[in-house]
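Single-structure report; data block below.
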Amino acid sequence: MTRRISILGATGSVGTATLDLVGRAGDGKFDIVALTANRNVDALAAIARKHRPQIAVIGDESKADALSQALAGTGIETAAGPKALIEAASRPVDWTMAAIVGSAGLEPTAAALQKGAAVALANKECLVCAGEYFIDLAEQRGAAILPVDSEHNAIFQSIYPGHDRFIRSITLTASGGPFRDWPREEMTAVTREDALAHPVWSMGDKISIDSATLMNKGLEVIEACRLFGLPSQKVGVVIHRQSVIHGLVEYIDGSVLAQLGSPDMRIPIASALAWPERMDTPSERLDLASIGQLDFEPPDEIRFPALRLARNALEAGEGATAALNAANEIAVAAFLDGRIGFLDIARLVSDCLNGLEREAALPNRFGGLDDALHVDKRARDWTRAALSSVDA
Ligand code: NDP
């Protein structure tokens with residue numbers, strides 16, 4: 001049976017990997033309703049010509065004409081702007097890939113869940129910024145949230161149906177990023193290129209920087225607690241440089257179940273795309289004998305303070321985690337633009353959280369998505385103002 005799907009963030013690393021699988025699945029398996037991007041008209045037009053969605057949407061309104069010209073004569077509808085993204089995400093489908101980066105993905109992902117479709121959640125920011133809202137929304141609308149982050153997908157796969165009540169703890173693995181063996185003093189001189197050169201995974205710029213600071217693992221701890229309904233103490237992190245084991249679940253009887261696979265995002269994406277079945281992927285088969293050895297070590301929260309910051313925000317509540325995420329997005333963009341150094345990223349996020357708390361206490365729970373977007377804006381404004389005083 002043909003499944004109708006939409007891909008939000010279709011030009012990105014996760015979006016492109018999803019389209020690769022869709023293309024390989026062959027005619028008749030998937031019918032694409034919407035493909036979206038933010039500014040990259042050429043890439044969006046190219047994938048739209050290839051995959052023939054009903055509609056292609058560009059987030060940046062100033063690119064509306066460029067997109068409609070690029071797709072003129074194809075019969076593919078085009079639209080632009082944040083409202084058009086939400087409208088496209090609301091179109092009836094069986095499955096949506098939520099792979100917009102950052103809190104820009106919140107409203108389109110909420111629109112997809114509103115329709116009750118299965119949502120493959122790559123955008124961890126939804127659960128980091130407004131976890132309770134998204135989990136409740138999915139439950140109310142009967143929509144499945146299928147985790148795409150490789151660690152969460154591994155844990156999802158390792159929970160035997162009905163056995164979630166027997167979980168003692170879960171563990172997220174982390175490659176450790178490009179600076180896993182660097183002394184902290186040397187990290188002051190890290191360049192954009194150093195930080196983007198991830199030793200294992202090939203990903204978009206934002207998440208690559210987050211992997212280098214370990215903020216990504218911090219965001220994932222928050223995501224895991226909210227997705228699996230566990231307290232912070234039950235969600236561990238272990239550095240595992242080979243990135244072969246992606247996540248582990250320990251049950252009360254001492255059994256530990258884990259999911260293994262080559263570090264290729266097409267594996268967790270395929271597991272969400274074919275769910276509740278399985279599909280073929282071109283990913284490299286896992287050859288344990290040639291890998292030979294798997295290493296594990298605890299994360300170093302002195303060299304990588306972002307992990308501790310994220311756990312503290314999780315303890316403080318949703319206001320703090322939404323602010324952490326927003327401040328980090330602005331700080332990472334400033335690092336990528338050469339405005340601040342690598343170690344300034346976590347420092348700026350920490351200053352923002354303290355600064356916002358001094359202004360007015362951050363709520364520990366949100367009443368709805370608007371509350372989350374309000375805190376998101378407060379944190380962005382605070383961080384931008386702090387950056388302007390650094391630039392001045
Ligand atoms: P990329 O930066 O590669 O792609 C992001 C996508 O979102 C692009 O299509 C981009 O469009 C679009 N986009 C960016 N900003 C906006 C905006 N303001 N409004 C609408 N669309 C926007 O990101 P990734 O694919 O790496 O990551 C996507 C999400 O998945 C993130 O939340 C990330 O944390 C998560 N994730 C990613 C993994 C990976 O391996 N890459 C692994 C696990 C999770 P354009 O091309 O036009 O800029």
Side-chain angles (χ1 to χ4, degrees), residues 6-20 34-48 56-63 66-67 70 79-89 97-109 111 119-129 146-154 172-175 177 196 198 200-211 215-220 222-224 227 243 246-247 262-269 271-272 283 325-326 328-330 332-333 336 373 376 380:
S6 285
I7 303 176
L8 314 175
T11 48
S13 164
V14 171
T16 309
T18 309
L19 283 169
D20 178 65
L35 293 177
T36 81
N38 187 34
R39 307 194 53 160
N40 197 341
V41 170
D42 292 345
L44 179 59
I47 56 176
V57 184
I58 194 90
D60 182 340
E61 254 158 338
S62 71
K63 309 270 180 192
L67 181 64
K83 286 208 176 92
L85 287 173
I86 294 171
E87 191 281 320
M97 167 54 81
I100 291 175
V101 62
S103 59
L106 266 60
E107 288 179 287
T109 306
V119 171
L121 193 67
N123 177 287
K124 63 194 83 189
E125 294 84 353
C126 287
L127 296 182
V128 170
C129 297
L146 307 169
V148 170
D149 237 326
S150 59
E151 299 77 1
H152 305 70
N153 181 270
L172 313 177
T173 59
S175 70
L196 286 174
H198 196 278
V200 185
W201 296 96
S202 157
M203 307 181 286
D205 288 0
K206 158 71 169 50
I207 184 173
S208 297
I209 303 302
D210 286 347
S211 297
M215 180 61 90
N216 183 50
K217 212 46 59 182
L219 298 176
E220 286 179 5
I222 300 169
E223 181 188 12
L227 187 62
S243 294
H246 303 294
S262 301
D264 180 339
M265 277 307 290
R266 288 175 299 185
I267 297 175
I269 294 170
S271 119
S283 307
N325 179 69
N328 182 57
E329 282 188 28
I330 300 295
V332 168
L336 286 169
L373 295 172
D376 179 88
R380 278 167 203 276

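All residue numbers refer to positions in the sequence shown, counting from 1. All ligand and atom numbering here is 1-based and tracks the order in the structure. Quantities reported herein were computed from a predicted structural model and do not represent experimental measurements.
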Does at least one non-hydrogen atom of Ser13 fall below 4.0 angstrom from an atom of ligand 1? yes
Taking only non-hydrogen atoms of Asn123 and a 4.0 Å limit, the atoms of ligand 1 in range are 32 (O)
protein heavy-atom neighbour closest to atom 23 (O) of ligand 1 works out as Val101 CB, 4.0 Å
Of all protein heavy atoms, the one nearest atom 42 (C) of ligand 1 is Met265 CE, 3.5 Å
If you scan protein heavy atoms around atom 32 (O) of ligand 1, the nearest is Glu125 OE1, 2.8 Å
Any heavy atom of Leu8 under 4.0 Å from ligand 1? The part involved is neither
Note: ligand 1 atoms sitting under 4.0 Å from heavy atoms of Met203 are 39 (C), 40 (O), 41 (N)
re atom 20 (C) of ligand 1, the protein heavy-atom contact at minimum distance is Leu85 CD1, 3.6 Å
Exactly one candidate in Val128, Leu227, Asn325 meets side chain to side chain contact (heavy atoms under 4.5 Å, CB included) with Ile222; the answer is Val128
Per-atom filter on ligand 1: closer than 4.0 angstrom to a heavy atom of Gly204 are 3 (O), 26 (O), 41 (N)
Of all protein heavy atoms, the one nearest atom 22 (C) of ligand 1 is Asn38 CB, 3.2 Å
Check: Can you tell me if Asn123 uses its side chain to pair, donor with acceptor, with the backbone of Ser103 under 3.5 Å?
Finding: no
of all protein heavy atoms, closest to atom 28 (C) of ligand 1 is Ala99 O, 3.4 Å
### Message
With the threshold set at under 4.0 angstrom, would you say Arg39 reaches ligand 1 through any of its heavy atoms?
### Response
yes
For Pro108 and Leu85, the nearest pair of non-hydrogen atoms, with its separation, is CG-CB, 4.3 Å
Out of Asp149, Leu44, Ile58, the nearest non-hydrogen contact to atom 44 (C) of ligand 1 is supplied by Asp149
Atom 45 (P) of ligand 1 has as its nearest protein heavy atom Thr11 OG1, 3.4 Å
Leu44 and Thr11 have their tightest heavy-atom pair at N-CG2, 3.6 Å
Polar contacts were defined as any N/O atom of the residue lying under 3.5 Å from an N/O atom of the ligand; does this apply to Ala104 and ligand 1? no
- Message: side chain to side chain contact (heavy atoms under 4.5 Å, CB included), that's the test. Do Ser150 and Ile267 meet it? Break it down for me.
- Response: CA-CA 8 Å; Ser150 59; Ile267 297 175; over 6 Å; no
Between His198 and Gly177, the two heavy atoms sitting closest are NE2-CA, 4.1 Å
of all protein heavy atoms, closest to atom 34 (O) of ligand 1 is Lys124 CE, 3.1 Å
Interatomic distance, CD1@Ile207 vs OG@Ser13, rounded to 0.5 Å, equals 8.0 Å
Inset, instruction - Apply side chain to side chain donor-acceptor pair (under 3.5 Å) to the pair Arg39 and Ser62, showing each step before the final yes or no. - result: CA-CA 9 Å; Arg39 307 194 53 160; Ser62 71; 5.4 Å; no
With nothing but distance in play, are any N or O atoms of Asp205 less than 3.5 Å from an N or O of ligand 1? no
Q.
Whether the side chain of Thr36 engages the backbone of Gly9 through a donor-acceptor N/O pair (distance < 3.5 Å, no angle test) should be reported.
A. yes
So CE of Met203 and CG of Asn216: to nearest 0.5 Å the spacing works out to 6.5 Å
Leu35 and Leu8, any side-chain heavy atoms less than 4.5 Å apart: no
The answer for which part of Ala10 has a heavy atom under 4.0 Å from ligand 1 is backbone
Ligand 1 N/O within reach of Val14 N/O, cut-off under 3.5 Å
yes
Looking at side-chain heavy atoms only, is the closest gap between Asn153 and His246 below 4.5 Å?
no
Within the 4.0 Å heavy-atom cut-off, what Ile207 brings close to ligand 1 is side chain
